Each structure stands twice: as C-alpha cells, then as structure tokens.
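Accompanying notes for the structure given below.
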2 protein chains.
Amino acid sequence: MRDLVKALKALSDETRLRIMNLLLERECCVCEVMQALNISQSRASRNLNALYDAGFLKLRRQGLWALYSLDEERLGGYYWHLIRAVAKALEGNETALQDRRRLKNARRAVPSCGMRRANQNTSPIRLIRHLYRLRRQGIDFKNWRALRRSTS
Amino acid sequence: MRDLVKALKALSDETRLRIMNLLLERECCVCEVMQALNISQSRASRNLNALYDAGFLKLRRQGLWALYSLDEERLGGYYWHLIRAVAKALEGNETALQDRRRLKNARRAVPSCGMRRANQNTSPIRLIRHLYRLRRQGIDFKNWRALRRSTS
DNA sequence: TTATTATATGTGCATCCTTGCATATTATAG
DNA sequence: CTATAATATGCAAGGATGCACATATAATAA
C-alpha cells in the first residue's frame, strides 16, 4: 500500500509524466531531459530522482552522465499497469509529441546545457575539441558532425 | 494530461485507495465507508468526492443516502489500467482485507454513524422504529433482523 | 594540482492537501 | 411547522510538495 501510494504520487505530476514519456522512447541523461522539457537542471534531476525512488527507473553511469531508463525488471505487477495507463493517456498528446521532437535534437555534452550560467562564453574551439575527445573514447555520439557544424 | 494528473493525484492517497478497495467490492454509502475504514464522516465524504471528481465514481441518491460506486462507463481507456493497478496492488493486503471485513458488518441507518456527537444516547426503541419504517419503504435492508437483535 | 562539466542537494518560499471541528443542507417523519 | 439523520462544506492548522537559486560533489582533462 505504501509503495503504491509512493508510485502514484511520483506519477501524479505533469513534469514527471513528461519525463516518463521521454523514457518510454529511450534512455536519457539529465541533460537531455532538461533540454527536451525546457526546464532547469535541478528540476530535471530532482524529478528523475523521484521517479527512480518510486521504483520506475534504473540508473546507469557513464562518465559524467547519469543515464536513466525504465527499469524493465521491476515493471511487473502493478507497475506494469501504471506504465500502460501513462502510455495510453499520453498517446497523441501534443505536449508529449513536442517533447519527443525536442528530445531528438537534444545533445549530450553541450557546455551550455549545464548550469545556465550568465556569461558562459564557451568557445566553439573548446567544444569541438571536447567532441573529438568523446569520439576517441568510443562514445556513441550520433550527431556530433551536426553539432560541430552548428557551433563553428 | 491534466486529467491523468488529476486521476493519479486522486489515487495517490492511502485513504482513497482504501475506499477504492471497498468500491471494488460493492457500492457503498458514505456511512458504510466511514465505518469500514474507521474514519470521520467529513473525511469519508471528502475523499469520496475527490474520487468522484477525478472521474472514478458515479453517485446515486436513495433517500438520505449517497451511494457511490465505480463508474463502469467511464472506466475505459487509461482509467481501466489504473483500476487494475490498484486492484493488483491491493490483493492480499492486510489493511484492505480488514476493511472489507468491516464493510460486511457496516450498517446503514445506524444513528450513531452520523456525527459522532457526544451524548448521542439514541434509544434502541427509536432505532427499531426507524428500521421498521425503512422496511415499510421497501428499502433493501439485508440485516435488519440482526440489527434489531443487537440493539434490543 | 586546477579547471571544466554533468549531476546532486541544501535552503527558502509559495502553494496545495488533508484533516478535524463546527455548521449548513437536504430528505424524511411526525 | 419541528426533529432527526445522512451528507456536504467553510475554515483554519499542520504538513507535504515543487520550484529556483546557489552551491556541493564527482569524473575527467590538462
């Protein structure tokens, strides 16, 4: 009963439903979530953690990234029904679609996705060096070419 | 999205989950809910109303009673999955079982089930007159005989 | 070592939720 | 009409929640 209340509380928030929508699409890092939903970093982190805490998500760390995804192993029992309810309710929802669209354009490892500090002024050169570095590490970075183009 | 959040919020409360448990068993009046859960009248009323408001329940009035039950008509779509999640999560739960047991013994039309006023002191004679009255009205009152026994 | 960057978290504030208590409302009986 | 009984509701107190802001933590690079 306690657990069910916790799970339901975790889901009964628009921000977190939108996050679930992203994770139904694919694994995401905090950085991608904040870009796709256009919310602050602390907000993305906290809400992801709430869903994690409630038992919906699993966490995998890769370098600096915290990669969250639906925890298929725990999603038996009533969790399964809850997920289905969310998926069903969100299908065709305009916000949900838009978020997914923005997720496609979201980038990992983009300096400005960090703290939203004023006067960030990260030079393109530094960014490109960073991207090369990532590629050297064998990190899957689908669109680094486009990224390079857009910042040079 | 808004509606889903509302539905989830309505469910994410222990009192209301316990109420859903009762209504999965059968239609109940406010009075029965307060007895089965052993909670105050205003608390029962308000929480029933919250579930009603969120679209889970339908309301039927019979005399003084407000009879709430699951609204099968609205329970398509994601509502259905939510109900299944609740039912699944509650099966075997000790509190839920106990509530159902107490529901069996709950009585409609018992004077003391009202306001819990101090110095209620309703006389058995008055209660029995009330029960006869009800029977004359053709109101289905399964256990009025037992009731009469217990108060005379 | 220091600098950078993704993420996590302490704090304060505003808002909303839930409840008990008292009272209002409503239907019925007399 | 008045009284009774089931339910609804106004109100205030206490608690929970969500957020922004600033800062801390941790991994990596130089």
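This one's a predicted model, so the numbers in the text were calculated from it and none came from an experiment. In what follows, every chain begins at residue 1, and chains take the letters A, B, ... in the order their sequences are listed.
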[X] has a side chain; which of [options] sits nearest to it?
| X | options | answer |
| --- | --- | --- |
| Trp65(B) | dA6(D), dT7(C), dG20(C) | dA6(D) |
| Leu64(B) | dA8(C), dA6(D), dA27(D) | dA6(D) |
| Thr15(A) | dC19(D), dA8(C), dC21(D) | dC19(D) |

Inset, instruction - Please figure out whether Lys9(A) or Ala66(A) has its closest DNA chain C nucleotide nearer the 5' end. - result: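 In this pair, the answer is Ala66(A).
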
Legend entry - Phe56(B) and its side-chain contact (heavy atoms from CB on, under 4.5 Å) partner, picked from Leu48(B), Val86(B), Leu82(B):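 Result: among Leu48(B), Val86(B), Leu82(B), Leu82(B) is the only option passing the side-chain contact (heavy atoms from CB on, under 4.5 Å) with Phe56(B).
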
Would you call [X] and [Y] a salt bridge, taking side-chain N to carboxylate O under 4.0 Å as the test?
| X | Y | value |
| --- | --- | --- |
| Lys6(A) | Asp3(A) | no |
| Arg60(B) | Glu27(B) | yes |
| Arg101(B) | Glu25(B) | no |

Legend entry - side-chain N/O Arg61(B) vs dA8(D) OP1/OP2, d < 4.0 Å: yes

Legend entry - Distance test, side-chain N/O of Tyr68(A) to OP1/OP2 of dA8(C), below 4.0 Å: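 Yes, within the criterion.
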
Inset, instruction - In whole angstrom, give the distance that lies between atom CD of Glu14(A) and atom P of dT17(D). - result: 18 Å

Inset, instruction - Strictly below 4.0 Å, heavy-atom distances to any atom of DNA chain C: list the hits from residues 16-24 of chain B, or just say none. - result: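 Under 4.0 Å from DNA chain C: Arg16(B).
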
Legend entry - Within residues 44-56 of chain A, residues whose heavy atoms come under 4.0 Å of DNA chain C: Ser45(A), Arg46(A)

Inset, instruction - Any chance you could measure Gln41(B), atom CD, to Arg46(B), atom CZ, to the nearest 0.5 Å? - result: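 Spacing of CD (Gln41(B)) from CZ (Arg46(B)) equals 9.5 Å.
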
Inset, instruction - Kindly compute the distance separating NZ (Lys9(B)) from CG (Leu11(A)), expressed to the nearest 0.5 Å. - result: 11.0 Å

Legend entry - Nearest heavy-atom neighbours spanning Ala96(A) and Asn21(A): O-ND2, 3.0 Å

Inset, instruction - Starting from the first five and the last five pairs of the helix from dT1(C)-dA30(D) to dG30(C)-dC1(D), work out the angle between the resulting helix axes, to 10 degrees. - result: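 Answer for the end axes of this duplex: 10°.
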
Inset, instruction - Give a yes or no on whether a donor-acceptor pair under 3.5 Å exists between the nucleobase atoms of dA6(C), that is its base, and the side chain of Gln41(A). - result: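 Per atom types, no contact qualifies.
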
Inset, instruction - Look at the side chain of Ser42(A) and the base of dC19(D), then say whether one donor and one acceptor between them are separated by less than 3.5 Å. - result: no

